[in-house]
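Quantities reported herein were computed from a predicted structural model and do not represent experimental measurements. In this chain, numbering begins with 1 at the start of the sequence shown.
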Amino acid sequence: MIRLFSLTLTLALLLTASGCVGRAAAPDPEPVTVSAPEVLPDPPPEPESPPPEEESPPPEEESPPPEEAGEPEEPYVRVIDPSKPMVALTFDDGPSGLCTDQILDVLEENHALATFFEVGRNVARCPEPVKRMAELGCEVASHSNAHKDLSRLKKAALLADLDTADQAFASAGVEAPTLVRPPYGAVNQTVKSATGRSVITWTVDTLDWKSRDAQAVIDYIQGYGDLDGEIVLMHSIYSSTAEAVAALVPWLQEQGYQLVTVTELMAYYYGELPQPNCFYGYTYFTTHGRTDTPVELPGMLPPAAEEAEG
């Protein structure tokens, strides 16, 4: 038993020694050389950018030199040449606030004048257009106060009617008229020669009061023929008449007519001024032709200018 134990111990020692020899014989691994990491040189410093230049403010735009003011427009100066055609437009029965102003607008725009035979009671109710027509240079005349047939009135009543109308004109800021057109053209000897005023009728009646049609009035005037020296009757209380006037005034001027007042027509065409207590009706105008000796009024074309025109 002891021999067996000794043998076993001896065998175990041998095995242990053998394992130690094998382990010692194994070669050591070759050392591994580890290269140090390559140190790259620092890149050259980038050139410093120059500091941004301060933005200079944009150059101020030079203001264009102020336009040289043109020569001031010369005011219109109205002149009448007695040797050239002329016609007097006249309007009865006003004033009417709307229609009369429309007619005045057309006249003003075209540097034209006309004569307005106004009813006194209408002037009292609507004075503004009367003052305006006087300021424009139009002629303000009387058509009685109440639009009655003056030939049927006794002299005292006739004069009272005209005087009442004169008061309305004065209240409107204009002078009392010296021209009268009797309503309906009705006259008797008293009306013709006892009013202290010049009594004027007409030569061309458009019948605008009857047609109330602007185109009918336009066609009538444009188809009438020679209007030189004529006095045209219209009424300033109808919108159709105002519409017709807007077409007729420039058309008449294009035909070469000077648009004048009744007094201007009397002076430049017939050679006399309207006289008080005188009647100027159809017969007078149709039996008198153009004068060789026009009466001089302010605004008449000077003789030197006449020669230059010729």
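Side chains of T263 and T261: a donor-acceptor N/O pair is absent below 3.5 angstrom, by distance only. Using modelled atom types and a 3.5 Å distance limit, the side chains of H288 and Y269 yield no donor-acceptor pair. R181 and T90 share a side-chain donor-acceptor pair at under 3.5 Å.
Nearest approach of A141 to P177, heavy atoms of both residues: CA-CB, 3.7 Å. The two residues V262 and E139 come nearest to each other via the heavy atoms N-OE1, 3.2 Å. Among all heavy-atom pairs drawn from Y257 and G225, the shortest one is OH-O, 3.9 Å. Of all heavy-atom pairs spanning V119 and N145, the tightest one is CG1-O, 3.2 Å. Here the closest heavy-atom approach between residue G229 and residue L265 is recorded as O-CD2, 3.6 Å. When all heavy atoms of T203 and Y282 are compared, the pair lying nearest together is O-CE1, 3.7 Å.
Using a 4.5 Å heavy-atom threshold, the side chains of S211 and V217 count as touching. A heavy-atom distance below 4.5 Å is not found between the side chains of Y224 and Q222. By the 4.5 Å heavy-atom criterion applied to side chains, L259 and V87 are counted as neighbours. Considering only heavy atoms from C-beta on, L107 comes within 4.5 Å of V249 through its side chain. Residues L233 and T206 are not in side-chain contact: their nearest non-hydrogen atoms beyond the backbone lie 4.5 Å or more apart. A 4.5 Å side-chain heavy-atom check between D219 and Q215 finds at least one atom pair inside the cut-off. Contact check for F91 versus F117: no side-chain heavy atoms found under the 4.5 Å cut-off.
Here the CZ-OG1 distance, from R121 to T164, works out to 12.0 Å after rounding to the nearest 0.5 Å. From E108, atom CD reaches atom SG of C138 across 9.5 Å, with rounding to the nearest 0.5 Å. For the atom pair M266 CE and I200 CD1, the distance stands at 5.5 Å (nearest 0.5 Å). Between atom CD of residue E118 and atom CG of residue D93 there is a gap of 8.5 Å, rounded to the nearest 0.5 Å. The line from CG of L153 to OG1 of T190 is 10.0 Å long, rounded to the nearest 0.5 Å. Expressed to the nearest 0.5 Å, how far OG of S142 lies from CG of L179 amounts to 9.5 Å.
Using a cut-off of 4.0 Å between Lys/Arg side-chain N and Asp/Glu carboxylate O, R197 and D163 are scored as salt-bridged. Salt-bridge formation is detected for the pair D101/R132: a Lys NZ or Arg NE/NH1/NH2 atom is positioned less than 4.0 Å from an Asp or Glu carboxylate oxygen. Between R290 and D228 there is a salt bridge, since a side-chain N of the basic residue sits under 4.0 Å from a carboxylate O of the acidic one.
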Would you mind writing out the side-chain donor-acceptor pairs for residues 234-248 within the sub-3.5 Å range, not counting sequence neighbours?
unit_1 : atom_1 : unit_2 : atom_2 : d
H235   : ND1    : D208   : OD1    : 2.9
T241   : OG1    : D208   : OD2    : 2.8
T241   : OG1    : H235   : O      : 3.4

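In this structure, Y270 and Y284 have tilted ring planes: the angle between them lies in the 30° to 60° band.
Proximity of a side-chain donor or acceptor of Q258 to a complementary backbone N or O of D81 within less than 3.5 Å is detected.
Heavy atoms from other residues, nucleotides or ligands lying under 6.0 Å from CG of D226 number more than 12.
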